[in-house]
Amino acid sequence: MEHEVFVPVPPDRLRASLADPAQVARAVPGLQRDAGAEQPVAGRLRIRVGGHTITYRGELRVSPRDDDAFTVEGDATEARGTGTVTLALTLRVTEADGGSTLHVHGTATADGRITELEPDTVDSTTRRLLTRFAENLGAAEPAAPEAPEDPEASDEPEPEPEQEQEQEKRTSVFEAEVPPPALDPLAEDDFTDSPEPPAEAAHARRTMIGRSAEEVDHAPPRGRYAPVPAPQTVVPTETLRWAAPAAALVVASAIVVTRALRRRR
């Protein structure tokens, strides 16, 4: 088999794409590459020949030669069947007007389902596959060259004196001093208005020290902030207890006096 494809890219760029297994794998139409496989290119290839679809699973190896050509070797097996395909190709890149020409020479042997199809249909499908492969190689972005490592450049520059001073000023929050709590008996009082605390504040401080936080939270305020008791509108219980017998005594005395006056008349 012989086939030629024009690719509108310089020859050096096309040769660089052929030398990169990753770009070769991406350029093969319908190839589902196996994860982690770098060399050889391995995976599943699904092709459509006429009205039939055949899926192959195999490997593809691309090796450069001394004469700027590339050798392609591959073998695959049908995913659903026992048919096999083996190919050996030689790819050569030459310069052309406005780009390059990829020349393909080689042989391929197959058995299984593909041998049951028309030879002309198989040949046209193969040439279409090679054309799309060459076009995909030309459209691939060239790999960026890796910059050489410079051991001297990897060393970090020494910080300037000003930067060192700024780093010393930046202290972690865990290194900052924690002020004493407000209810700490050992904390120093700081009243800016007068050297001695007011009497109400000192009394409140003495009453809060030694008591639990729950008692302090629920303790009623004292001093000027103490709540004013509501006026009592109900008569005390002690007064009602003595008023009832006194009223009964007065009523009984009135009845006795009234009967005595009637008898005298």
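Within a 6.0 Å radius of CZ in R127, other residues, nucleotides and ligands contribute more than 12 heavy atoms.
Of all heavy-atom pairs spanning A25 and L31, the tightest one is O-CD2, 3.6 Å. Closest of all the heavy-atom pairs between V5 and A134 is CG1-CB, 3.6 Å. Residue A254 comes nearest to T258 through the heavy atom pair O-OG1, 2.7 Å, listed as atom of the first residue, atom of the second, then distance. Of all the heavy atoms in F70 and L18, the pair that sits closest is CD1-CD1, 3.7 Å. When all heavy atoms of T121 and S124 are compared, the closest pair comes out as O-OG, 2.9 Å. The heavy-atom pair separating V24 from F133 by the smallest distance is O-CE1, 3.9 Å.
One distance of note links CG of D123 with CD of E118; it measures 12.5 Å at 0.5 Å rounding. In this structure, R92 CZ and H103 NE2 are separated by 8.5 Å, a value rounded to the nearest 0.5 Å. Atom OG1 of T126 and atom CD1 of I114 lie 6.0 Å apart (nearest 0.5 Å). In this structure, D68 CG and T94 OG1 are separated by 11.5 Å, a value rounded to the nearest 0.5 Å.
No side-chain heavy atom of D75 sits less than 4.5 Å from a side-chain heavy atom of T84. Here the side chains of R259 and I255 are in contact, with some heavy-atom distance below 4.5 Å. The shortest side-chain heavy-atom distance between L129 and T125 does not fall under the 4.5 Å cut-off.
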Residues S17, Q23; criterion side-chain hydrogen bond (donor to acceptor under 3.5 Å, both in side chains); working and verdict
CA-CA 6 Å; S17 299; Q23 294 190 22; 2.9 Å; yes
How far apart are the C-alpha atoms of Q32 and T55, what are their side-chain angles, what is the distance that settles it, and do they pass the side-chain contact (heavy atoms from CB on, under 4.5 Å) test?
CA-CA 11 Å; Q32 297 180 0; T55 303; over 6 Å; no
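In terms of modelled atom types and a separation under 3.5 Å, the side chain of R15 and the main chain of V93 share a donor-acceptor contact. Proximity of a side-chain donor or acceptor of E78 to a complementary backbone N or O of R113 within less than 3.5 Å is detected. Checked by atom type and distance alone, the side chain of S100 pairs as donor or acceptor with a backbone atom of V9 at under 3.5 Å.
Y56 and M1 fall within a single hydrophobic cluster, where Ile, Leu, Val, Met, Phe, Trp and Tyr side chains are chained together by heavy-atom contacts under 4.5 Å. L137 and F6 end up in different hydrophobic clusters when Ile, Leu, Val, Met, Phe, Trp and Tyr side chains are linked at under 4.5 Å.
Every side chain to side chain contact (heavy atoms under 4.5 Å, CB included) that V104 has, sequence neighbours left out, goes to H3, L89, L91, L102, L130.
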Residues 42-54 side chain polar contacts: donor-acceptor under 3.5 Å, at least two apart:
unit_1	atom_1	unit_2	atom_2	d
R48	NH1	T53	OG1	2.9

